[in-house]
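Letters A, B, ... are given to chains in the order of the sequence lines, protein chains preceding strands, and every chain is numbered from 1. No hydrogens, no waters, no symmetry mates; every other heavy atom, side chains included, goes into these values.
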Number of protein chains: 2
Amino acid sequence: MSRENKTQFALLGILMYQSFSGYELKKAINYSIGFFWSEDYGSIYPVLASLEKKGLVKKEYVHQEKKPSKYIYSITDTGIKHFSEWVSRDADYEKIRHELLLKIFFGHYCSVEDNIEKLKTEISFHENLLEKYQEIRSHLSEDSHPNESEKKYWLMTLDYGIRYSSMTIKWCEEMINNFKESRKE
Amino acid sequence: MSRENKTQFALLGILMYQSFSGYELKKAINYSIGFFWSEDYGSIYPVLASLEKKGLVKKEYVHQEKKPSKYIYSITDTGIKHFSEWVSRDADYEKIRHELLLKIFFGHYCSVEDNIEKLKTEISFHENLLEKYQEIRSHLSEDSHPNESEKKYWLMTLDYGIRYSSMTIKWCEEMINNFKESRKE
DNA sequence: GCCAACATGTAATGAGTTACATGATTAG
DNA sequence: CTAATCATGTAACTCATTACATGTTGGC
């Protein structure tokens, strides 16, 4: 089977909730699925154009006061079908490439200090993420969410993120301790 | 900064331990870093050619008995320098794209059964991985490993893999239970 | 006048994936 | 003879990233 453009489904999924411009889509992605899925303008605009050509979304030119005009994209009935078909199917096997693990695997070829440094950077990164998760969580509770079902799914992914970052931090810390203990011996 | 080809470092790293042909490299990668880093022939052969052109590896034609001839690649002094420079540096920020999480986030748009199905598939995948980790672990202990330092790093990444898969399985199971409980209400 | 935020795109490049194509050698 | 494994590559294509390019609007 040929590879599918996954960007389209991320965009369509967000548009299932609300119509957005390309610029707004980027922000919406950052604030919702951003910690496990990211998109750049370099993908968003071309993919929106191709989705429109296929009739999966439609655009509307909107004049704004106090801001530049924009194109608002809405999902069409065909788009909803296309998206639903994808979301029901099993996820593809995820091909991962974890550069930190690759460097740690080859850690024998650099100093213990360099290894510890890498692990510390990873810890900071995930501590930062954990703070972001709290922001998203409060964002979720303060906003008006008429649909409790949607919220349930959002909290599930948030829960995953928290577990993932916590696990990573714990692993990094234990590895650093391993290094420090073996240095004492 | 421009993007770096990471495949080259995976190959150079393996060649730090031992000289291999392209075909053997693929196998060595699968059996060592395979669960967090994969490469296909479509990348391996072209990258080996470009590494040779840059003088980072050298190849030798080897005739074999009972098997077709092959090219054995060895890392050069320049290659060792190039690799060491990379391995000492911090890992780049990892851009993740987790399709299962994306589908779960949009889980409101398909049936609970479809969601449970996806989580079950993920569980099988990681249970399979956990078995593989045991294989790698026994592979590591039965083989003659003169260098205990190398082994330490391999076990670190293995430990990460085990934690990651265990965490994922636990999360999936709890999410399935959530679904089943809310169905009872 | 200038900066920040809003807003939309294109072009160049490089990386990754899949399919294709070929051939050697051994075991059954 | 045939299948499996060993072995090396190329071509076509898609995808993602980065840099570039342009323009609006409001606030200081």
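You'll find that the side chain of D40(A) is closest to dT18(D), out of dC6(D), dT8(C), dT18(D). Comparing dT8(C), dA16(D), dT8(D) against the side chain of N5(A) picks out dA16(D) as the nearest. Listed candidates were dT17(C), dG9(C), dA7(C). Nearest to the side chain of Y73(A) is dG9(C).
A sub-4.0 Å separation between OP1 or OP2 of dG16(C) and a side-chain N or O of R97(A) is present. Phosphate contact (OP1/OP2 of dT8(C), side-chain N/O of S21(A), threshold under 4.0 Å): present. Put simply, Y23(B) has no side-chain N or O that comes within less than 4.0 Å of OP1 or OP2 on dT8(D). Taking only side-chain nitrogens and oxygens, T7(A) comes nearer than 4.0 Å to OP1 or OP2 of dA16(D).
Among the heavy atoms of the strands, none lies under 4.0 Å from K26(A). G22(A) comes within 4.0 angstrom of sugar-phosphate atoms only, judged by non-hydrogen atoms across all strands, and of no base. Contacts of K6(B) with the nucleic acid, taken as non-hydrogen atoms under 4.0 Å apart, are absent.
The salt bridge (Lys or Arg N to Asp or Glu O under 4.0 Å) search around E85(A) returns R89(A), not counting sequence neighbours.
Note: CD1 (I44(A)) to C1' (dA7(C)) measures 12 Å, nearest angstrom. Atom pair D92(B):CG and dG14(C):P shows a separation of 17 Å (rounding to whole Å applied). Computed from coordinates, the F20(B) CZ to dT8(D) P distance equals 13 Å when rounded to whole Å. In this structure, CD of E52(B) is placed 13 Å from P of dT8(D), rounded to the nearest angstrom. Note: CG (L11(A)) to P (dC15(D)) measures 13 Å, nearest angstrom. Rounded to whole Å, atom P of dT14(D) lies 13 Å from atom CD of Q8(A). Rounded to a whole Å, the CG atom of L48(A) is 16 Å from the C1' atom of dC15(D). The distance from atom CD of E4(B) to atom C1' of dA16(D) is 17 Å, rounded to the nearest whole Å.
The same ILVMFWY cluster, assembled from side-chain heavy atoms under 4.5 Å apart, contains both L130(B) and M156(B).
The aromatic rings of H108(A) and Y153(B) sit tilted relative to each other, their planes meeting at an angle between 30° and 60°. Using cut-offs of 30° and 60° for the angle between ring planes, the W154(A) and F105(B) rings count as parallel.
Atom-to-atom distance recorded for L51(A):CG and I44(A):CD1 is 11.5 Å, nearest 0.5 angstrom.
Just one of E24(B), K59(B), Q18(B) meets the side-chain contact (heavy atoms from CB on, under 4.5 Å) condition when paired with I72(B); it is E24(B). None of Y164(A), Y160(A), Y93(A), W37(A) except one satisfies the ring pair (Phe, Tyr, Trp, His ring centres under 6.0 Å) rule with H98(B); the exception is Y160(A).
The stretch residues 59-72 of chain B comes close to DNA chain D through Q64(B), K67(B), P68(B), S69(B), K70(B), Y71(B), each having a heavy atom under 4.0 Å from the strand.
More than 12 heavy atoms of other shown residues, nucleotides or ligands fall within 6.0 angstrom of atom CG in N177(B).
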